[in-house]
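Indexing begins at 1, ligand by ligand and atom by atom, following the structure's order.
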Amino acid sequence: MLHKCEGIVIRTRDYGETNKVVILFTRELGKVALMARGAKKTNSRLSSVSQMFTHGIYLYHGGSGMGSLQQGDMISSSRTMKEDLYKAAFAAYMAELLDKAVEDRKPNPFLFELLQQSYALINEGYDEEVISYIFELKLLPLFGVQPVLNQCVNCAAGEGDFSFSFRMNGFLCHRCKHLDDYRLPLSGKAVRVIRLFYFIDLQRLGKVSLQDSTKQEIKKVIRTYYDEYVGVYAKSRSFLDQMDRMKKTMEGPKDT
Ligand SMILES: [Zn+2]
């Protein structure tokens, strides 16, 4: 039977000399793996639609076992993202996290929108680091964890000087800071931005321009949080960190 779905390629692997297995994250079905016969040949009509990050409408034959991709109509090739090594590395990291967060064939239209909008914004020239932080924060509930970010995790105060407590799972205000000696101190700006990123609808995101020092604070919270609470090992993250170090070496010391 022929099925139709809207999807984004989040992983691929070679299958024999000429075929590819394409893992799509789709609006209708969630994650599905499809066999794309001949997709490794450059003249194949499946070649371009089975490349990483491609967003399109896909037709496939389904039965028992893996479906067979018949045709794809491209909506976006994500070309800008693919041609920039740095953007592509962030996009790959996001795809890998999503891949690990979801099971096969569990539809989640909210998540599809999140991925599609994130990639669209990176293609439009939004800061890929900012988009990846928003993505990582919004993915947390999928991994079954929800930090308290709208108020102090202990006394529920909305105002104050906040730090982040990994032990207590959220922001801790200055009145309660004695509860965790190992809390991570944060600037007021970083606190506001983390809150904004966690709660904002991506469609409403304006241009965000952050100082490097604020980005570093946010990154520290998110990465440590993932290590402590999510425990997912993403291969693409070490590549990302490597590139980060390289970029810094090339740019030299920066005043922030
Ligand atoms: Zn408090």
Side-chain angles (χ1 to χ4, degrees), residues 90 93-94 96-98 100-102 108-111 113-115 117-118 121-122 126-234 236-238 240-241 244-245 248 254-256:
F90 274 97
Y93 175 59
M94 289 155 65
E96 193 183 346
L97 276 187
L98 178 101
K100 290 185 191 296
V102 297
N108 187 332
F110 159 78
L111 206 54
E113 283 293 319
L114 180 67
L115 183 70
Q117 283 169 11
S118 299
L121 290 171
I122 293 176
Y126 275 73
D127 185 332
E128 59 278 359
E129 263 182 87
V130 164
I131 301 299
S132 80
Y133 297 151
I134 298 175
F135 189 83
E136 285 177 281
L137 283 168
K138 289 195 174 293
L139 216 55
L140 287 176
L142 263 295
F143 288 110
V145 283
Q146 277 166 301
V148 176
L149 300 176
N150 59 332
Q151 59 186 31
C152 174
V153 61
N154 183 56
C155 72
E159 300 299 321
D161 291 328
F162 290 95
S163 46
F164 195 88
S165 167
F166 294 101
R167 191 167 67 79
M168 298 183 72
N169 195 18
F171 284 142
L172 204 56
C173 80
H174 62 281
R175 289 162 290 253
C176 306
K177 64 181 183 184
H178 60 278
L179 292 172
D180 183 1
D181 290 340
Y182 300 102
R183 67 194 182 274
L184 183 69
L186 291 168
S187 66
K189 172 96 200 220
V191 170
R192 282 195 300 278
V193 173
I194 291 171
R195 263 187 194 151
L196 172 78
F197 284 1
Y198 189 63
F199 294 106
I200 199 175
D201 178 346
L202 258 188
Q203 272 177 322
R204 292 166 168 270
L205 184 74
K207 283 278 176 200
V208 181
S209 164
L210 292 179
Q211 280 184 327
D212 231 23
S213 55
T214 314
K215 278 190 197 171
Q216 290 306 322
E217 286 183 274
I218 297 169
K219 182 176 168 179
K220 179 102 196 253
V221 172
I222 296 176
R223 291 294 162 83
T224 313
Y225 196 86
Y226 262 81
D227 289 345
E228 299 283 334
Y229 279 89
V230 179
V232 158
Y233 172 71
S236 45
R237 184 170 130 183
S238 44
L240 212 57
D241 292 341
D244 223 20
R245 281 196 294 275
K248 281 201 182 72
K254 235 190 198 168
D255 296 322
T256 44

Discussion item. Looking at the Zn ion (ligand 1), is there an N, O or S atom belonging to H174 that lies under 2.8 Å away from it?
Written reply: no
Worksheet item: Given atoms SG of C173 and SG of C152, what angle do they subtend at the Zn ion (ligand 1), to the nearest 10 degrees?
Response: 110°
Item to complete: Verify the neighbour count for atom NZ of K177: are there more than 12 heavy atoms of other residues, nucleotides or ligands below 6.0 Å?
Response: no
Discussion item. Using the side chain to side chain contact (heavy atoms under 4.5 Å, CB included) definition, which of the options F164, F171, Y229 pairs with P147?
Written reply: F164
Worksheet entry | Distance under 6.0 Å and angle within 45° of ring axis: R195 vs F162 | yes
Worksheet, complete the sentence: For the Zn ion (ligand 1), angle spanned by C155 SG and C176 SG (nearest 10°) is 110°
Worksheet item: Any side-chain donor-acceptor pair under 3.5 Å between E136 and Y225?
Response: no
